[in-house]
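In what follows, a structure is listed as structure tokens, so that the remarks can point back to it.
In what follows, chains carry the letters A, B, and so on, assigned in the order in which the sequence lines appear, proteins first and then strands, with residues in each chain numbered from 1.
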Protein chains: 2
Amino acid sequence: MNLKELASKLGLSQTTVSRALNGYPEVSEATRKLVVEAARLYGYAPNTRAKALATGNTHCIGHIIPVSEKREMVNPIFGDFMAGAGEVYAQNGFEMIVTMVEEDQEDALYRSFRTRKSVDGVVVQAPRMLDHRLGLLSDIGLPFVVHGRASSFDAPYSWLDVNNRSAFRRAARFLLDLGHRRIALINGLEHMDFAYRRRRGYEDALTAQGIASDPDIMSTSEMTEGNGYANATRMLGLPKPPSAFLVSSMIETVGVRRAVEERGLVMGSDVSIVTYDDCLSYLQNGAETPIFTATRSSVREAGKELAQMLIERIRNPQSIPQNRLLEAELLVGSSTGPFKATS
Amino acid sequence: MNLKELASKLGLSQTTVSRALNGYPEVSEATRKLVVEAARLYGYAPNTRAKALATGNTHCIGHIIPVSEKREMVNPIFGDFMAGAGEVYAQNGFEMIVTMVEEDQEDALYRSFRTRKSVDGVVVQAPRMLDHRLGLLSDIGLPFVVHGRASSFDAPYSWLDVNNRSAFRRAARFLLDLGHRRIALINGLEHMDFAYRRRRGYEDALTAQGIASDPDIMSTSEMTEGNGYANATRMLGLPKPPSAFLVSSMIETVGVRRAVEERGLVMGSDVSIVTYDDCLSYLQNGAETPIFTATRSSVREAGKELAQMLIERIRNPQSIPQNRLLEAELLVGSSTGPFKATS
DNA sequence: AAGATCTCTCAAAGCGCTTTGGATACCGCA
DNA sequence: TGCGGTATCCAAAGCGCTTTGAGAGATCTT
């Protein structure tokens, strides 16, 4: 069943039927009711491709997920982020196109999105400090919003980010206030913008107490359980091991905890841990009371808000870019305690 | 730049240019070279929507991810699964449309996919034992492949599944051989087909040894870290606690381990654990030697194979459905050991 | 040398929708 | 009675591509 058939079945023109279904005012309420009813009856729904061709809007949004052959890692937050965004897309009649792409082919992909007109806009994930993607997207005129920020890009653009610097500053301060002086940082890859900012926050807090940062107890790697374990194990084996850890993700924290317990140390007493918590659905930080002391911000909520922002931008390309800086909450759990001089 | 412009720039007709670019034999190699070169020069690429409208193929594949408002859980395997599938799609010029949908709206979504012609086919995730989706998809004639199987659906259809029953039978047998007699099962939701099969495998092994299964040490819930912890904690507190655990996912195992260690028990000696490992990229089971004894099968590989199967099906709808039953490997790690009578 | 056969190219129709620019009927008003 | 103004509806063009059916040349038969 297509428009033409439906129209002839109703004895109306395609124009009228189309307008009735799309809520245009040029058609009387009586006929609109008739048309809508008939469409329901015959199970008519417009062909998305034809509609896109006629209007120029695809009602599709691209999510680009960088993968690389060597490091096969898929960021575990994508699922929850997409769940948030997807909900908003569904409400607004948008579809989400997810593309896995090697980093060196990303530019070509954006260009292809543009020339082939397969999406109305894109969400840029995991921005790096120096990220040419934003410049490229501006140049080719493809609407976009960024989950995070790219320090290197000056022109205004729409983004939503957690205040990573202040979150880590507060977390480190919290540990300092408990008396810890050797605080390790288990960070993500520091060419990523968020990780760089987190390190800055950590250093801010140390500096404020006149403590020099020590590269021996700072690591930067992909945030996997395995890396958390490996980094923490190495640090705990140092002549002067850290008494506290500041960790960039829950999943990595699972590994840190493993290292701590394997060494026979008790978390929350011998060693304190503060983690960053994205509120992943399958890895919640305790039911009522949090297990880990954590700076927390829901990645799913971020997905929702960003989706909304992008839809706005697509509907009204002239609007000025919106920015949203979320402050993470600092929740105290049982993984932290006052510094205890070790025997 | 569109076809018409490119054609006039070349002094050729749209027909010829289109054919040249699509590799039809009716055009000479000389002109084809010319056309291809010009397309590259001007950065021409066909509008996907126009192409889809003209040909009737969208070159899009739908992935439906069920979410529900009450249980906000997003299955952590989706990321890696999609990474695998996405790779194959990219190689074959397909795009992946991901839709989050409430379970009760799933039917409407499939119907809408069909009538609006927005995808060429879909991959069905997480089939339930009684799953009417497959019948529906057959009825409406939307090509599909299933990640898993649905016991209730008889007609032939394309699927790829791990032999969950044999995997869990072997895992349970392994624990029995080590002398364990009270083996707990921490399973996923058992209306899911995979979880049902896993329980069957577990029971097979127990029955073969003449052991009756005990509901007290069998749990079925969503596979989150928190549920793993909660279930294991409860079981360890029983008058007759289990000496071994068979767990359905790595993420849940993290919680089980937490419960074990919190109780002061040593994994691999006081308590044995065998887990199912999907080879998630951010939660790998040790680098060289596995930490957990595990039945293992890569969900990313599954994604690749299923994508290939679906593309085949779309290209050749008359082909007979393919089925693929993978056997999981049983890898011995350090989380298991012989049964030790407790004091 | 004329007809038959290829080879290469083209004009035009069609995919299913939206949207422009009228047409038609009906109303009140002078 | 006739005229502008609404309220409804329509025919046709157009979105950018593929594909059908056919037409020129060039090459080959006999």
* Distance-only polar pair, side chains of B/S28 and B/T31, donor-acceptor under 3.5 Å -> yes
* **Length of the NZ-C1' vector between A/K4 and C/dC15, whole Å** => 10 Å
* Any A/S13 side-chain N or O less than 4.0 Å from OP1/OP2 of D/dC10 -> yes
* Asked: Separation of A/L3 atom CG from D/dA12 atom P, in whole Å?
  -> 17 Å
* Asked: Which parts of residues 18-40 of chain A get close to DNA chain D, meaning a heavy atom less than 4.0 angstrom away?
  -> A/R19, A/E26, A/V27, A/S28, A/T31
* To do: Spell out yes or no: do the side chain of A/T15 and the base of C/dT19 have one donor N/O and one acceptor N/O closer than 3.5 Å?
  => yes
* Return the nearest nucleotide to the side chain of A/Q14; candidates are C/dT18, C/dC15, D/dC9. => C/dT18
* Rounded off to whole Å, could you give me the CG-to-C1' distance for the B/L12 and C/dA11 pair? => 14 Å
* Asked: So B/H147 and B/F81, would you call those rings parallel, tilted or perpendicular, with 30° and 60° as cut-offs?
  -> parallel
* To do: Give one of base, sugar-phosphate or nothing for B/T55, where a contact means two heavy atoms less than 4.0 Å apart.
  => sugar-phosphate
* To do: Output the single nucleotide from C/dC17, C/dT19, D/dG16 whose closest atom is nearest the side chain of A/A50.
  => C/dC17
* Nearest whole angstrom, please: distance from the P of C/dC15 to the NZ of B/K117. => 12 Å
* Would you mind checking if A/D161 and A/R149 are paired as a salt bridge, meaning a charged N to carboxylate O distance below 4.0 Å? => yes
* Closest nucleotide of DNA chain C for A/K51 versus for B/L53: which of these residues is on the 5' side? -> B/L53
* **Side chains of A/H132 and A/D107, donor plus acceptor under 3.5 Å** => yes
* Just how far is it from atom CD1 of B/I320 to atom CG of B/N316, taken to the nearest 0.5 Å? -> 10.5 Å
* Asked: Given atom NZ of A/K9 and atom C1' of C/dG16, what is their separation to the nearest angstrom?
  -> 17 Å
* Structure fact -> Here the distance between atom P of D/dT8 and atom CG of A/L10, to the nearest Å, is 17 Å
* Nearest-Å distance, CG (B/N47) to C1' (D/dC17)? -> 8 Å
* Asked: Can the ring centroids of B/Y89 and B/H59 be said to lie less than 6.0 angstrom from one another?
  -> no
* Asked: What pair of heavy atoms forms the shortest contact from A/A302 to A/L160, and how long is it?
  -> CB-CD2, 3.7 Å
